[in-house]
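Here is the structure we will look at.
Source: prediction; values computed, not measured. Chain identifiers are assigned alphabetically (A, B, ...) following the order of the sequence lines, protein sequences preceding nucleic acid strands; residue numbering begins at 1 within each chain.
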Number of protein chains: 2
Amino acid sequence: MVLSAFENSRRALSVVDLVKRFETEMNKTTVYRVLERLQDDGELHSFTGKDRLKWFAKYHKPDSNNTTMTHPHFQCQDCGKSKCIPVDIAIPSLPNHRIDSSHLLFIGQCDDCLA
Amino acid sequence: MVLSAFENSRRALSVVDLVKRFETEMNKTTVYRVLERLQDDGELHSFTGKDRLKWFAKYHKPDSNNTTMTHPHFQCQDCGKSKCIPVDIAIPSLPNHRIDSSHLLFIGQCDDCLA
DNA sequence: TTGTTATTGCATCTCAGTTGCATTACTTTT
DNA sequence: AAAAGTAATGCAACTGAGATGCAATAACAA
């Protein structure tokens with residue numbers, strides 16, 4: 001039910017949004033816990049938006065030639081909407097460091113707001 | 001004074017850390033406001049850590065052939081320390097979108113924790 | 001000195017996210 | 001079917017980062 005809010009798209013939803021969307025049907029805490037469960041099950045993945053809010057989106061399996069563990073996300077500075085960017089980002093090399101994952105957020109204007 | 005906590009390095013400090021470090025000398029609110037001012041003056045820049053905390057570091061002017069507006073940061077998953085990565089990341093192309101800036105965080109193990 | 005503006009302190013608020021605990025729903029076992 | 005165990009939900013309260021309003025002090029200018 002919560003899952004169906006994500007449709008099949010690359011569209012991401014903030015937790016705050018989801019809590020509000022389901023406030024008549026279910027408790028805030030439940031929404032948080034369902035999201036966590038769906039993430040553990042590999043149905044969803046989460047990331048942090050520009051406003052430091054938690055966002056969720058459908059999990060997409062990475063390409064085999066995947067270079068970043070986490071794909072980048074885009075967030076519109078005007079409408080606030082966010083989505084996945086189906087692209088790989090090369091991991092920068094940092095001497096004597098090991099990089100395991102990444103949080104990559106690109107900010108700008110989305111198609112709707114540019115139109 | 002707050003500024004001097006950053007030395008001249010690429011080392012970043014979380015606001016929470018700075019508030020604690022200066023709690024005898026100055027008020028929490030003042031720390032927040034000084035940091036904001038230093039950011040406006042171009043002395044510091046800020047980003048979001050993996051734990052969704054606000055971090056600050058010295059501002060480094062970008063190269064002329066700069067491709068990302070914001071350089072990436074690294075955060076150690078073990079000790080939590082964070083630093084700037086002096087590297088440019090190519091901006092991915094997203095059809096019909098305009099990308100202005102980015103929040104790029106790579107997570108892994110730092111030199112100290114690997115040693 | 002007096003008037004003006006910038007800086008700090010303190011208290012309070014906001015709000016996302018978490019936790020503890022009781023309650024309900026759902027399974028499994030006898 | 002009843003009892004026992006496990007998972008899912010609701011509710012209230014808590015936590016902690018960050019923001020805000022306002023009064024008090026400091027710095028500066030006329």
(message) Nearest whole Å is fine: how far is C/dA16 P from A/Lys50 NZ?
(response) 14 Å
(message) Looking at B/Gln75 and B/Gly80, would you say the former's side chain and the latter's main chain have a donor-acceptor pair under 3.5 Å?
(response) yes
(message) Under 4.0 Å from OP1 or OP2 of C/dT8: is there any side-chain N or O of B/Arg37 that close?
(response) yes
(request) In whole angstrom, give the distance that lies between atom CZ of B/Phe22 and atom P of C/dG9. (result) 12 Å
(request) Strictly below 4.0 Å, heavy-atom distances to any atom of DNA chain D: list the hits from residues 27-34 of chain A, or just say none. (result) A/Asn27, A/Thr29, A/Thr30, A/Arg33, A/Val34
(request) Report which part of the nucleic acid B/Glu25 touches: base, sugar-phosphate, or nothing (heavy-atom distance under 4.0 Å, all strands). (result) sugar-phosphate
(message) What is the distance, to the nearest angstrom, from the CE atom on A/Met26 to the P atom on C/dT23?
(response) 21 Å
(request) Look only at the side chain of A/Asp41 and the backbone of A/Glu43, and say whether a donor-acceptor pair between them is shorter than 3.5 Å. (result) no
(request) Would you mind reading off the distance between A/Leu53 atom CG and C/dT14 atom P, rounded to a whole angstrom? (result) 18 Å
(message) What is the separation between atom CD on B/Glu36 and atom P on D/dA17, rounded to the nearest whole Å?
(response) 18 Å
(request) Over 60° means perpendicular and under 30° means parallel, so classify the ring planes of A/His97 and B/Phe74, tilted if in between. (result) perpendicular
(request) Could you state the atom-to-atom distance from CG of A/Leu35 to P of D/dA8 in whole Å? (result) 14 Å
(message) Just the rounded figure in Å: distance from C1' of C/dA16 to CZ of A/Phe47.
(response) 16 Å
(message) In whole Å, I'd like the distance from the CD atom of B/Gln39 to the C1' atom of D/dA19.
(response) 15 Å
(message) Run the ring-ring contact (aromatic ring centres under 6.0 Å, His included) test against B/His45 and tell me which residues pass, sequence neighbours left out.
(response) B/His71, B/His73
(request) Scan residues 12-21 of chain A against DNA chain C and write down, sorted by residue number, each residue with any heavy atom closer than 4.0 Å; if none is found, say none. (result) A/Val15, A/Val16
